[in-house]
Amino acid sequence: MNKYPVILAGAGIGGRDNITLALYKALVRADFIVYDRLMDPAILDFAPKAEKIYAGKAASNHTLSQDEIHALLEKGYNSGKQVIRLKGGDPYVFGRGGEEALYLSERNIPFRVISGITSGVTVPAMAGIPVTHRHVAQSVSFITGHGAKGKDDFTVYGKVPGTLVFYMGLKNAASIVRDLMAGGKNPATPVAVLKLSDDGESFSFYTDLEKVAARGLPPEVTSPGLIVVGEVVDLHEELTPFNHLPLTGQKIILTDEHPEAMAEPLRAWGAQVILRPMIRTEAVNRDVLQKDLADFSFDTLVFTSKNAVDYFFDAFLKAHDIRKLAGVSIYVVGEKTAKALAPYGLRADGIPDIYDGRHMAEFLKTRLKKTDRLYYPHAAASDPYLGVVLKDMACTTDRIIYHTVAPSDPKPLTEISDASVFLSPSAAKNFYAAYGLSAFGPTVFAIGETTKQSLVKLGIKEENIYSGEKATRESLLETILKELSQHAHAQNSKQ
């Protein structure tokens, strides 16, 4: 008998920072996850050992039927696995969690529910709309914009006081508002159409019932989204969050493979962050690496990225105990790479003052002997200069152990950004290929000189590119804050 109940969980809205502690703990332990479309896929990183099955549903395009999802949950439970059914928002708010719970209950399969933040509360709040307010709206109603079958009649809600929040109703917007007016709602009642995606894009459109009934919604309003009806909508200008923060109003595109490390402080400073990862890494030459490590007898290791550290030690620890590195010197290109050694109980023996391969070469000239046996694992796209110099200085084994690839289906960019941020030449090239030169925005940030020069070659004017004092995320964040806060202040002063 399986000792683990099936978990019906909500991932909330607004990205992985908005999940509950209960969900995080469950994900860490999970063996089997069936997940939905409308959630931040980065949440799945908290469940490294789980088998993950996508069950996303869009209008008229269901990856799995509801019956197939039910069967998956039952099969996972009967296999003794820790099963999570993971949905965006809350599983019991228009998420069919109730149907899944009934299916499990009828089969005497134990389950528990982990609630999530529903979009009907979060998305309006992010737009400056409290769904209740003591002097404006003393109640809120969550309403599906389309029923299970047949024509929907919304006239009954015309007499419901307070705030009305319609989920999944954009296609029916005109008929919804006409029914509301027919049911007694004042045609001048404010309406907001809101959208907030987990990759950072947002959209807000403000109007009233009468105008929507007459003209419908503009073509740029696309699903998924919410329709909010009520007097609280008029509070949005006064209550928009982050109004007085240094990067308020700035739209910034992040292109790193793992952008959350930079996204969090940028959001805290008031920026709207749009996540468009432009690279992902893959291990290569695994057989060659394993052969190199089988009889490890090197004196020195040189790492120029965190990924090189992780891919190297993933292979090394399958062949050896970490004590095999006793007496081996380890040099790294920068602070981020040095921090990557810490989980393995190691510290770097040296870091150059400027974090790039060319300065690394100069740094090592006084530290290596011609007789040293040096191992240099790196990415396929690394600047070849360091490898050439290392071979002149010592007996060097130069190995490509991973490469970066472009996303196979990059999401479209629907927003005009104020800035874009690049941590590698590959990300810059892939971004250009996906979106073109105009998508970079008026201000571009590069983590170091190599990335900066790649941007110049793509056609970005050098005077529009900014870098930090050091080639680190922390230094680049300081530069972003300094440069964009001036732009934000100028924009907000005009309003």
Side-chain angles (χ1 to χ4, degrees), residues 45 48 256-258 260-262 264-265 281 283 286 289-290 292-379 382-383 385-387 389-391 393-402 423-424 447-451 467-478:
D45 293 342
D256 188 26
E257 183 180 16
H258 303 290
E260 284 299 330
M262 294 190 74
E264 187 173 344
T281 59
R286 286 176 174 165
L289 177 59
Q290 288 172 356
D292 290 341
L293 298 180
D295 184 24
F296 187 86
S297 57
F298 297 95
D299 307 300
T300 305
L301 291 170
V302 174
F303 295 109
T304 52
S305 72
K306 177 186 182 299
N307 286 322
V309 171
D310 291 339
Y311 283 120
F312 173 86
F313 280 102
D314 181 62
F316 182 87
L317 293 175
K318 290 174 182 175
H320 303 289
D321 187 284
I322 196 70
R323 289 170 292 186
K324 182 76 172 176
L325 293 180
V328 175
S329 298
I330 303 177
Y331 297 101
V332 299
V333 76
E335 292 176 9
K336 179 186 174 185
T337 312
K339 289 178 181 177
L341 294 172
Y344 308 102
L346 299 170
R347 293 184 182 181
D349 291 288
I351 307 173
D353 291 332
I354 298 177
Y355 303 158
D356 62 37
R358 293 177 180 259
H359 287 88
M360 181 72 155
E362 291 299 314
F363 175 77
L364 290 174
K365 282 182 179 179
T366 60
R367 290 165 172 80
L368 296 179
K369 302 190 295 288
K370 195 71 176 176
T371 56
D372 285 344
R373 297 197 65 212
L374 186 148
Y375 197 76
Y376 170 43
H378 60 92
S382 296
D383 185 343
Y385 177 84
L386 178 59
V389 174
L390 290 176
K391 288 178 181 178
M393 288 191 286
C395 179
T396 299
T397 299
D398 182 320
R399 287 285 185 256
I400 294 172
I401 64 169
Y402 73 98
L423 304 189
S424 71
I447 196 165
E449 188 62 26
T450 303
T451 303
S467 299
E469 290 185 13
K470 293 185 176 182
T472 66
R473 283 181 170 87
E474 293 76 15
S475 183
L476 191 59
L477 280 168
E478 292 176 4

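Excluded from the calculations below are hydrogen atoms, water molecules and symmetry mates; all remaining heavy atoms, backbone and side chain alike, are included.
Between the OH atom of Tyr375 and the OG1 atom of Thr300 there is a distance of 14.0 Å, given to the nearest 0.5 Å. Put simply, CZ on Phe312 and CG on Leu341 are 10.5 Å apart, with the number rounded to the nearest 0.5 Å. Rounded to the nearest 0.5 Å, atoms OG1 (Thr472) and CD1 (Ile447) are 6.5 Å apart. Here the straight-line distance linking atom NE2 of His378 with atom CD1 of Ile400 works out to 5.5 Å at 0.5 Å rounding. Between the CZ atom in Arg373 and the CG atom in Leu368 there is a gap of 14.0 Å [rounded to 0.5 Å]. Considering CD of Gln290 and CZ of Arg286, their distance stands at 8.5 Å, rounded to 0.5 Å.
A heavy-atom distance below 4.5 Å is found between the side chains of Leu477 and Met262. A 4.5 Å side-chain heavy-atom check between Arg473 and Leu423 finds at least one atom pair inside the cut-off. Between Asp398 and Leu390 the shortest side-chain heavy-atom distance does not fall below 4.5 Å. Annotation: side chain of Tyr355 is not in contact with side chain of Val332 (no heavy-atom distance under 4.5 Å). Ser382 is listed as a side-chain neighbour of Tyr376, based on a closest heavy-atom distance under 4.5 Å. Proximity of Glu362 to Pro352: side-chain heavy atoms (C-beta onward) are nowhere separated by under 4.5 Å. Under the 4.5 Å side-chain criterion, counting only non-hydrogen atoms from C-beta, Phe313 is in contact with Leu346.
Looking at Asp349, its side chain never comes within 3.5 Å of a backbone N or O of Tyr331 through a donor-acceptor pair. When atom types are taken as modelled, the side chain of Thr337 and the backbone of Phe303 share no donor-acceptor pair closer than 3.5 angstrom. Side-chain atoms of His320 never come within 3.5 Å of backbone atoms of Leu325 as a donor-acceptor pair (strictly under, hydrogens ignored). In this structure, the side chain of Glu257 engages the main chain of Thr281 through a donor-acceptor pair within 3.5 Å.
For the ring-ring contact (aromatic ring centres under 6.0 Å, His included) criterion with Phe316, the lone passing option out of Phe298, Tyr311, Phe296 is Phe296. Screening Glu335, Glu449, Glu478 for a salt bridge (charged side-chain N to carboxylate O under 4.0 Å, His left out) involving Lys470 leaves a single residue, Glu335.
Contact detail for Ala361 and Tyr385: the closest heavy-atom pair is CB-CE2, 3.9 Å. What you find for Gly448 and Ser467 is that their closest heavy atoms are O-OG, 4.3 Å. Contact record, Ile351 with Ala348: CG1-CB, 4.4 Å, taken as the closest heavy-atom pair. When every heavy atom of Arg399 is checked against every heavy atom of Asp292, the shortest pair comes out as NE-OD2, 2.7 Å.
The pair Asp372-Lys369 counts as a salt bridge, with a side-chain nitrogen and a carboxylate oxygen less than 4.0 angstrom apart. We find that Asp356 and Arg358 are not joined by a salt bridge, their nearest charged nitrogen and carboxylate oxygen being 4.0 Å or further apart.
Applying the 6.0 Å contact sphere to CG of Asp353 captures no more than 12 heavy atoms from other residues, nucleotides or ligands. Within 6.0 Å of the CD atom in Glu474, the count of heavy atoms belonging to other residues, nucleotides or ligands exceeds 12.
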Apply the test side chain to side chain contact (heavy atoms under 4.5 Å, CB included) to residues Ile322 and Leu317: give CA-CA distance (whole Å), side-chain angles for both, the deciding distance (0.1 Å), then the verdict.
-> CA-CA 7 Å; Ile322 196 70; Leu317 293 175; 4.1 Å; yes

Would you sort out whether Leu293 and Lys318 count as a side chain to side chain contact (heavy atoms under 4.5 Å, CB included), showing the intermediate values?
-> CA-CA 10 Å; Leu293 298 180; Lys318 290 174 182 175; over 6 Å; no

